[in-house]
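Remarks on the structure that follows.
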Amino acid sequence: QVQLEESGGGLVQAGGSLRLSCVASGPPFRLFAMGWFRQAPGKERESVGSIDWSGVRTYYADSVKGRFTISRDNAKDTVHLQMNGLRPSDTAIYYCAAGSTAETPRPEDWRHWGQGTQVTVSS
């Protein structure tokens, strides 16, 4: 069973930065594509970005492209989301997910999920 645990969320002013981390346990981390999703109050869960098992290919939502960067360290079973130029519209619970392919932005295509970490951006 894959277990995922996010950390690094918090309160930041607009224009600031945060770095989220997700540590995996269970089956070998290197076998999974990893993704970051977020869900704001009253909205559907949406893909932020994803990265394939090797770390070579990455994908980003248009709303975060150029501001957020996803990376992974397979030796430490960890995936990161570096968030720069944060906006109040980025406020949400951010979830780490593991799946078979990084190409899909659909939450239903991802099998394993963490419990989430809150990111709040104030103006």
Side-chain angles (χ1 to χ4, degrees):
Q1 183 178 1
V2 174
Q3 294 184 341
L4 306 173
E5 184 174 357
E6 304 95 335
S7 64
L11 175 65
V12 65
Q13 293 183 342
S17 298
L18 284 173
R19 191 188 194 199
L20 306 184
S21 298
C22 173
V23 179
S25 62
F29 176 75
R30 65 184 182 276
L31 300 179
F32 292 95
M34 301 297 297
W36 286 98
F37 294 75
R38 67 186 183 186
Q39 188 165 20
K43 296 184 178 180
E44 297 181 354
R45 188 169 299 189
E46 64 176 358
S47 175
V48 176
S50 58
I51 187 166
D52 73 353
W53 65 270
S54 68
V56 172
R57 296 179 179 178
T58 56
Y59 306 84
Y60 297 97
D62 288 342
S63 60
V64 307
K65 194 173 298 181
R67 299 188 297 122
F68 292 8
T69 302
I70 188 170
S71 61
R72 69 189 296 164
D73 185 343
N74 287 350
K76 297 181 178 179
D77 293 349
T78 302
V79 62
H80 301 283
L81 183 68
Q82 178 67 45
M83 305 185 294
N84 299 326
L86 284 163
R87 306 165 180 169
S89 58
D90 294 319
T91 296
I93 300 175
Y94 283 70
Y95 298 91
C96 176
S100 60
T101 176
E103 296 177 352
T104 176
R106 306 196 312 166
E108 58 265 38
D109 292 334
W110 294 77
R111 181 176 180 181
H112 305 287
W113 295 85
Q115 295 301 305
T117 184
Q118 178 70 48
V119 171
T120 302
V121 184
S122 65
S123 59

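Side-chain atoms of Asp52 come within 3.5 Å of backbone N or O of Val56 as a donor-acceptor pair. Between the side chain of Arg57 and the backbone N or O of Trp53 there is no donor-acceptor pair closer than 3.5 Å. In this structure, the side chain of Ser50 engages the main chain of Ala102 through a donor-acceptor pair within 3.5 Å. Side-chain N or O atoms of Glu6 include one that pairs as donor or acceptor with a backbone N or O of Cys96 at under 3.5 Å.
Looking at Thr104 and Trp110, their side chains come closer than 4.5 Å, going by heavy atoms from C-beta outward. Residues Val119 and Asp90 are not in side-chain contact: their nearest non-hydrogen atoms beyond the backbone lie 4.5 Å or more apart. Taking 4.5 Å as the limit, some side-chain heavy atom of Ile70 sits within range of a side-chain heavy atom of Val79. No side-chain heavy atom of Tyr60 sits less than 4.5 Å from a side-chain heavy atom of Arg67. Under the 4.5 Å side-chain criterion, counting only non-hydrogen atoms from C-beta, Val121 is not in contact with Gln13.
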Q: Test Ser17 against Asn84 for side-chain hydrogen bond (donor to acceptor under 3.5 Å, both in side chains), laying out the working first.
A: CA-CA 4 Å; Ser17 298; Asn84 299 326; 2.9 Å; yes
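We find the CZ-OG distance between Arg87 and Ser122 to be 15.5 Å, quoted to the nearest 0.5 Å. In this structure, OG1 in Thr91 is found 9.0 Å from CZ in Arg38, a value given to the nearest 0.5 Å. With rounding to the nearest 0.5 Å, the separation of CD in Glu46 from CZ in Phe37 is 10.0 Å. Separation of atoms CG (Leu81) and OG1 (Thr117) is listed at 11.0 Å; rounding is to 0.5 Å. The CE atom of Met83 sits 4.5 Å away from the CG atom of Leu18 when rounded to the nearest 0.5 Å. Atoms CE and OG1, from Met34 and Thr58 in turn, are 14.5 Å apart once rounded to the nearest 0.5 Å.
The cationic atom of Arg45 (NZ for Lys, CZ for Arg) lies less than 6.0 Å from the six-membered ring centre of Trp113 and within 45° of the ring axis.
For Ile93, the side chain to side chain contact (heavy atoms under 4.5 Å, CB included) partners two or more places apart in sequence, or in a different chain, are Tyr95, Gln118. Listed by chain and residue number, His80 satisfy the side-chain hydrogen bond (donor to acceptor under 3.5 Å, both in side chains) test with Ser21 (two or more places apart in sequence, or in another chain).
When every heavy atom of Pro105 is checked against every heavy atom of Ser47, the shortest pair comes out as O-CB, 3.4 Å. Listed here is the closest heavy atom pair of Ala33 and Ser100: CB-C, 4.3 Å. Closest approach of Pro88 and Ala14 over heavy atoms only: CD-CB, 4.1 Å.
Ion pair Arg106/Asp109 flagged as a salt bridge, since at least one NZ, NE, NH1 or NH2 atom sits closer than 4.0 Å to an Asp/Glu carboxylate oxygen.
The environment of Glu108 atom CD is dense: over 12 non-hydrogen atoms of other residues, nucleotides or ligands sit within 6.0 angstrom. More than 12 heavy atoms of other residues, nucleotides or ligands sit less than 6.0 Å from atom CD of Gln82.
Leu86 and Val64 fall within the same hydrophobic cluster, defined by Ile, Leu, Val, Met, Phe, Trp and Tyr side-chain heavy atoms under 4.5 Å apart, directly or through other members. Hydrophobic clustering, with ILVMFWY side chains joined whenever heavy atoms are under 4.5 angstrom apart, groups Leu20 together with Leu4. When hydrophobic clusters are built by joining Ile, Leu, Val, Met, Phe, Trp and Tyr residues whose side-chain heavy atoms come closer than 4.5 Å, directly or via intermediates, Tyr94 is not grouped with Leu11.
In this structure, the ring of Phe68 has its center no less than 6.0 angstrom from the ring center of Trp36.
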